[in-house]
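Below: the structure, in structure tokens.
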Amino acid sequence: MPPIVITQRPTNSSPTAKRLCTHRNIGIMAHIDAGKTTVTERILFLTKKIHKIGEVHDGETTMDYLEEERKRGITIQSAATSAEWRAHSINIIDTPGHVDFTAEVERSLRVLDGAVAVFDGVNGVEAQSETVWRQADRYRVPRICFINKLDRTGADFNYSVQTIIDRLGARPVPIQMPVGMEKSFRGLVDLITMRFYEFVGEDTEQKTIEQDVPAEVLEDAKAARKHMLEAAAENDEKLLDLYVEDKEMPPEMILSALRKATIAMQITPVVCGSALKHKGVNFLLDAVINFLPHPQDVPPVTGSIPRSDEEATRKVEDTEPMCLLAFKTIAEPTGDLTFVRVYSGVLSASTRVLNPRTGKNERIGRIVRMHANKREPVDELRCGDIAAVVGLKNTYTGDTLCDEDKPIQLSKIQFPEAVIAMSLEPKKSGDRDKLGEVIGRMMREDPTFKAQTNEATGELVISGMGELHLEVITNRIQNDYKCEVVTGKPKVAYKQRLAKSLETEARYIRQSGGRGQYAVVWVKFEPVQTEGGGFEFVDGIKGGSIPREFIPAVEKGLTDGFNSGGRTGFPFVNVRATLFDGKYHDVDSSEMAFQSAGVLAFRQAAENNVTLLEPIMKIEVRVPEDYLGGVVGDLNSRRGEVSDVDALGNLRIIRALVPIAEMFAYSSALRGATQGRGSYAMELHEYRDVPRNLAEKILDSSKRDNEKG
């Protein structure tokens, strides 16, 4: 009996509804080196989208097409493609696994309906696995798990499933059971049909032969099936009755119940294989169709009517007003390539759309479906589609595009903050304008990459998610855009907050003949937790002590002071400023005077009243047991806090929190301490106060640097 594929049909029998039932939008996500890109390559080969397989280790994969990706053997930029499997269309986004490029995962999951989480069959859940899993939880994305690399030495399917329970708090439900492990991995049991599928042959010539379940694994298969049936029966009353009465359950009913539970995110089906050896990828595709939602399985998208608090919704129907989200931008000289997800309506070429953020209209140019870096022109996109638009000029990541007569603004995509910074300047002074243009393009492409000029020193400072992130950025500037640059030593992206609340009087009074400048403001400053960690202004003026027309100027001055970073240049966070009193002059007061008074008020409030904040990284280090003591001692010497140590065979997994200031060049130190046998991954955990003795040195050094500039 071949695997059964069930597609749940919506009650609506319109042509649009039928088309959407055969449609899936999925992402491939995992920790670095778990095999995401290899899985995607095998899917494309199996579905005849490509006819020659490229390998990651050879730098020839279809999806990793950037020079930096091929050189390093990692995914840096998410890439989109599509494939056909058993009359179903599948849009696929292959995402990076390295934490420095987590923004690519964030914006992809924002628009996807389902995801495949790939796990290394030896290591199970790893550090970045947790990060992408939490991102998928945040966007309510149903998942299936693929336990990969079961042919590797040390592979353990049951251990990998248990780590999903222990570390992710999920409820994995295996629907397959591997037969054999490591070099003897030879097939799998489909627990729904209770049939054994043996892998025969090598690589692309391999075939799958259906047989009865081997006697030596039959009891284990029955036990695994019972566990799966319990999860299915919880979501279907008829199935529960059959289960309680110990009667035979039709595969169609089991699939339907498991699909319902998966879409409700109550369970996560687990499949297995070895993508590199072409084992199990066809069953993974079946699971994508069987369990992950099509667009109409997902609730209607909600947003707000621009410049109001009124909620608005859009159903996944072609007849609804058009609504789409721009989730990725690739800057090009002829106009940006903007990736969009259509949530409702139909998008056609030459259509005029409204961008609620700017309040302006844009005209849709060409529409293309992407296959990595190749493009296929199409005339229109229907609801549920993911594709790209060429030529938009003022639409950036996170922008909504909609029908100008029925506007709606969808929620924005939230990205993590930068943790590391360094100076950058062109080798040739004549390339300064070119460098500015290139950086502008790269900032449009990557929301986690920032650049600004230090007003005190005139130095251009770029910031990002880690050393690798900034290294890739500078390499692309030089190799892709042919602009030679000189970089400074990486620095921590410190922040600062006000140490305590205080009230300050700022007097901006200038008299030099003729009309003078006069403004006096009283402002109360408080360190608070504001939304987005920014600046909050409160107008507390009563009785007209400051005319209404000057209050926006005070707010602008305070904002300018907040953004300037004060004497140290580090950005401020979490400040509330309440303007509660002031004075003005009938003749000499002006907007400029009150703006200057606002800047002065903030400077006075920040003088000797700041607490420095530093990024604290969550790190996971994997080392052989022999090196455990040395590595833990080294982390402690770096102001690290070791939280726990787990065992995985002879490996020890150390989890700790460490300031990023202590982690520069850690990869070299770890290699030296473990004879090249240790590995680590880290991500931003939070910002904390820097210890007072260190903070004073850092602040003094920064002030001296700014004064020299």
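Below, each value reflects all heavy atoms present in this structure, side chains not excepted, and no hydrogens, waters or symmetry copies.
Within the 3.5 Å criterion, the main-chain N or O of Ser411 finds a donor-acceptor partner in the side chain of Arg110. Judged by distance alone, with hydrogens and angles left aside, the side-chain atoms of Arg143 form no donor-acceptor pair with the main-chain N or O of Ala115 at under 3.5 Å. One N or O on the side chain of Asn563 and one on the backbone of Thr559 form a donor-acceptor pair closer than 3.5 Å. Side-chain atoms of Glu104 come within 3.5 Å of backbone N or O of Ser78 as a donor-acceptor pair.
Contact check on Asp113 versus Arg341 returns a salt bridge, with a Lys/Arg side-chain nitrogen under 4.0 Å from an Asp/Glu carboxylate oxygen. Note on Lys618 versus Glu686: no salt bridge recorded, every NZ/NE/NH1/NH2 to OD/OE distance being 4.0 Å or above. Salt-bridge annotation for Arg444 and Asp336: present, with a side-chain N of the basic residue lying under 4.0 Å from a carboxylate O of the acidic one. For the pair Arg167 and Glu126, the salt-bridge criterion is not met [side-chain N within less than 4.0 Å of a carboxylate O]. Ion pairing of Arg639 with Glu614 is present here, as a side-chain N (NZ or NE/NH1/NH2) and a carboxylate O approach within less than 4.0 Å. Under 4.0 Å is where a charged nitrogen must lie from a carboxylate oxygen, and between Glu362 and Arg357 no such pair does. Salt-bridge formation is detected for the pair Glu445/Arg476: a Lys NZ or Arg NE/NH1/NH2 atom is positioned less than 4.0 Å from an Asp or Glu carboxylate oxygen.
Crowding of Arg692 atom CZ: a count of heavy atoms from other residues, nucleotides or ligands under 6.0 Å not exceeding 12.
Aromatic rings from Phe602 and Phe572 are positioned such that their centres are separated by under 6.0 Å. Residues Tyr680 and Tyr666 bring their aromatic ring centres within 6.0 Å.
Contact detail for His31 and Gln128: the closest heavy-atom pair is ND1-N, 3.0 Å.
The line from CG of Asp446 to CZ of Phe415 is 8.5 Å long, rounded to the nearest 0.5 Å. Here CD of Glu662 is found 7.5 Å from CZ of Arg638. Values are rounded to the nearest 0.5 Å. Note that CG of Asn609 is 9.5 Å distant from CZ of Arg497, once rounded to the nearest 0.5 Å.
When side chains are defined from C-beta on, Tyr518 does not count as touching Asp586, because their heavy atoms never get closer than 4.5 Å.
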Exercise. Kindly determine whether Arg655 and Asp646 satisfy salt bridge (Lys or Arg N to Asp or Glu O under 4.0 Å), including the steps that lead there.
Key: CA-CA 8 Å; Arg655 299 186 184 93; Asp646 285 344; 2.7 Å; yes

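By the 30° and 60° cut-offs, the orientation of the rings of Phe449 relative to His469 is perpendicular.
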Quiz: residues 422-436 side-chain donor-acceptor pairs under 3.5 angstrom, not counting sequence neighbours:
{"unit_1": "Ser423", "atom_1": "OG", "unit_2": "Gly488", "atom_2": "N", "d": "3.3"}
{"unit_1": "Lys434", "atom_1": "NZ", "unit_2": "Tyr481", "atom_2": "O", "d": "3.1"}
{"unit_1": "Lys434", "atom_1": "NZ", "unit_2": "Lys482", "atom_2": "O", "d": "3.0"}

